[in-house]
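Report on one structure; see the data block that follows.
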There are 2 protein chains.
Amino acid sequence: MPTKQSAKPPPKPATERYHHGDLRNALIEEAGRVLESDGVEAVTFRGLARRLGVSHAAPSHHFADRHELLAELAADGYAALADALEDAMSGTPPAEWRRNGGRAYLEFGLTSPQRYRMMFASQLFLDECPERLLGESSRAYLMLLKLSYGRDPDIDPESYRVGTRELASWSAVHGAMMLWLDGQLRESVDQAEFMRLSSEMLDELFA
Amino acid sequence: MPTKQSAKPPPKPATERYHHGDLRNALIEEAGRVLESDGVEAVTFRGLARRLGVSHAAPSHHFADRHELLAELAADGYAALADALEDAMSGTPPAEWRRNGGRAYLEFGLTSPQRYRMMFASQLFLDECPERLLGESSRAYLMLLKLSYGRDPDIDPESYRVGTRELASWSAVHGAMMLWLDGQLRESVDQAEFMRLSSEMLDELFA
DNA sequence: GCACCATCTTGTCGCTGTCAAGATCAAGTT
DNA sequence: AACTTGATCTTGACAGCGACAAGATGGTGC
């Protein structure tokens, strides 16, 4: 059926079409690039619109406000973090989960520093935190628990309370990550040394 | 000398005078209040100018830009933190420094959450970090070292390198603080329980 | 062939930081 | 006493931002 070629609109350059066609996803992808290269403050509706060749108000039709876009980016971040932890642990014996998972966690933060910082800046999307963000973040947290316990935690989400052990492991790795990303350690240590120090810290913590 | 009363200008209400007289300090104080009540994004030159009854451009004459004002607030925060640690440790035997100092650290963060978050958001004042900020923050760090060592650390600032022990204690307390302030723990624990958990964590960490 | 509706554009508003030019005023100089 | 200087503050303007409203566009279903 050679005549079917007009069923899907011929791929004109997106800049010429009145309707972009996939603006929502394009916004998310472009926002991810801007976030990592210039920081969260540089992620603006108007800036993204310019980059994508659409009008300044186009983004508003896909996100209620700027925070809703940022929340989407954060949710993607949590999903990526959970996946990274899962990958690092799958196929290895539980005894190595903490080591491998901890390393994967650190690597995620070092690879996507701006994303990591934004994921935890919950003030950015406090009012009406979207469902997907909650879901992906708790998935990541469950991977963290699995990692620190060395087994699947069977947890009742209603009655669950954080214990000192979970708090210690999570605080240590998150704290180290934040101190590094916020530049508090850069005077006295470089990235490779930070990675070594942090791994050592986690080993001692879990010994 | 009773006639000396006109040496200092009679204290007209500041709103009526052309020159405020102490605008720089007034800006810093008002900014501190706005910061803690409405968050760092609410700290704006124009908003502060309105609150203080001066023109919208007046703040620019005392701070090169908004980041310079925020840096001042952060420096004050580090100074207050260092003082709080010092107070908590002074007059008590070194064996109790970690417990008392750790508690003081946590209390500082819980009392001034927005201030604490901003102090570590170094991206806000990355370009040309003012001298005082560096000074006060390293004073706070030295108190932290003294606290964790149980003695005055004699350190050569040039050759100093962070060790796993310092990284562990600092990461744990900072990480717990950030997780709490960013709301990651609020679902499963309240503030009193957080305080108890964190203290317990620090005890175990230093045991 | 028509109507609907999601999508996108244009225009506007008030907010922000920042700069430039002028007004005010205290303190020091001649 | 008159003048000058410099710090402080005001007024006015500009560009960038988020957000809203009203209209243009064009594909989909009736």
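From a predicted model like this one, the values you see are computed outputs, not experimental measurements.
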Do the side-chain N or O atoms of A:Arg50 get closer than 4.0 angstrom to the phosphate oxygens (OP1, OP2) of D:dA15? no
Measure up the B:Phe194 and B:Trp180 rings against each other and bin them: parallel (under 30°), tilted (30 to 60°), perpendicular (over 60°). parallel
The residue, B:His61 or A:Ala57, whose nearest nucleotide of DNA chain C is more 5′ is A:Ala57
Can the ring centres of A:Trp170 and A:Tyr141 be said to be less than 6.0 Å apart? yes
Whole angstrom is fine here: how far is it from CG in A:Leu52 over to C1' in C:dT9? 15 Å
Under 3.5 Å, is there an N or O donor on one side and an acceptor on the other linking the side chain of B:Arg46 and the base of C:dT18? yes
note: A:Asn25, atom CG; C:dT7, atom P; distance rounded to Å ~ 12 Å
What's the CZ-P distance between B:Phe45 and D:dT11, to the nearest Å? 19 Å
Angle class for the B:Phe120/B:His174 ring planes (parallel below 30°, perpendicular above 60°, tilted otherwise)? tilted
Could you tell me the separation between the CZ atom of B:Arg66 and the P atom of C:dT18, rounded to a whole number of Å? 9 Å
Whole angstrom value for the distance that separates P of D:dC17 from CG of A:Leu48: 10 Å
Would you please confirm or rule out a distance under 4.0 Å between OP1 or OP2 of C:dT16 and any side-chain N or O of B:Thr44? yes
Within this structure, what is the NE2-to-C1' distance between B:His56 and C:dA21, rounded to whole angstrom? 12 Å
In whole Å, what is the span from the CD atom of B:Glu68 to the P atom of C:dG17? 14 Å
Atom CG of B:Asp22 to atom P of C:dC25: distance rounded to whole Å? 18 Å
Atom pair CD (B:Glu86) and CG (B:Leu142), whose distance is rounded to the nearest 0.5 Å: 11.0 Å
Is the phosphate of D:dC9, meaning OP1 or OP2, less than 4.0 Å from a side-chain N or O of B:His62? yes
